[in-house]
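A quick write-up on the structure given underneath.
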Amino acid sequence: MTGKDILHKMKEKACFTTPVSPHSGEGKSKKPKHITHGFHLVKGKSNHAMEDYLVSEFKKLGDNELSLFAIFDGHMGHDVASYLQAHLFDNILKEHDFWTDTEKAIRKAYHTTDNDILEQSMKLGKGGSTAVTAILMNGEKLVVANVGDSRAIICRKGVAKQLSVDHEPSKEKEKEMIESKGGFVSNIPGDVPRVDGQLAVARAFGDKSLKRHLSSEPDIAVETIDDDVEFVILASDGLWKVVSNQEAVNLIKNIKDAKLAAEQLTLEALSRRSRDDISCIVVMFH
């Protein structure tokens, strides 16, 4: 089987293949609590193929229901993001301590998946991907993890709260981590700070040539879903470069349809001339 055949099989296994622009979808929970989700993706104005992938689905496991959401924003190719879409949640759920220590299971699965990607770099290429994942457990507990600058926010009583961490190379913690591993952060006028003068995020999956200076350690946040929570937004930086957290909340707070809300956020980013690929998931608690 060739490398292309393997990638095709991976994409067939995933929720859907490389999205045509635009691409939308929606779903709802089977639990008594009414939860709906919708997503929308639009290819940016760059010359390369779409590099954003996502997962947005409900999964029944015995008496438990998991809601799985993720944004994967690839760079230098889309194959690593595609691989994450096909494998990351499977790796998380395979961890034996997933139900007893979810955070530990997520950290282990992030590291395992990154190692798998690096071992398959001959097939997957030299690129990488950021990731933000959200696991909603029985509609009650939300666990968000991320590497890179794709972002998750939660809206509680109309107020936005960021759950993920933007891993920018210029931040003190990230810069110290990079330099402690022998790397450097460039700061060229007119450009954003970059790891070793190349990558504009301090943490990512893949990127084999930079991995000795680059972390795939996720930041993790846990939220209880109570009656004050209205919705959650996950999106790639194609949205967050031009729309603030509170602006995103204000734009969709009166929209009751999750898919329409995701489309509205994407259209707003386009109207503000975002040139990057834009992918967005909205999860609503009714």
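Values in this document were obtained by computation on a predicted structure and should not be read as measured data.
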I'd like to check [X] versus [Y] (side-chain heavy atoms, cut-off strictly below 4.5 Å). Are they in contact?
| X | Y | answer |
| --- | --- | --- |
| Val222 | Leu142 | no |
| Asp196 | His213 | yes |
| Tyr83 | Asp116 | yes |

Going by side chain to side chain contact (heavy atoms under 4.5 Å, CB included), name the residues that satisfy it together with [X], two or more places apart in sequence or in a different chain.
| X | value |
| --- | --- |
| Asn254 | none |
| Val242 | Ala269, Arg272, Ser274 |
| Arg107 | Glu217, Pro218, Ile220 |
| Gln162 | Arg151, Ile153, Ser164, Asp166, Asn245 |

Exercise. Restricting to pairs with a member in residues 233-244, which pass salt bridge (charged side-chain N to carboxylate O under 4.0 Å, His left out), not counting sequence neighbours?
Worked result: Asp237-Lys241, Lys241-Asp276
By the rule that ILVMFWY residues connect when side-chain heavy atoms come within less than 4.5 angstrom, directly or transitively, which residues belong alongside [X]?
| X | result |
| --- | --- |
| Phe184 | none |
| Val185 | Ile178, Val195, Leu199, Val201, Leu210, Leu214 |
| Leu118 | none |
| Met76 | none |

Seminar exercise, completed: Residue pairs passing the ring-ring contact (aromatic ring centres under 6.0 Å, His included) test with at least one member in residues 187-206, sequence neighbours excluded, are Tyr110-Phe205
Problem set entry | Backbone of Ala109 reached by a side-chain donor or acceptor of Thr112 within 3.5 Å | no
Problem set entry | Non-neighbouring partners of Asp257 that pass salt bridge (Lys or Arg N to Asp or Glu O under 4.0 Å), sequence neighbours left out | none
Problem set entry | Listed partners of His37 passing ring pair (Phe, Tyr, Trp, His ring centres under 6.0 Å), at least two apart |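 In terms of ring pair (Phe, Tyr, Trp, His ring centres under 6.0 Å), with neighbours along the sequence ignored, His37 is linked to Phe58, Phe69.
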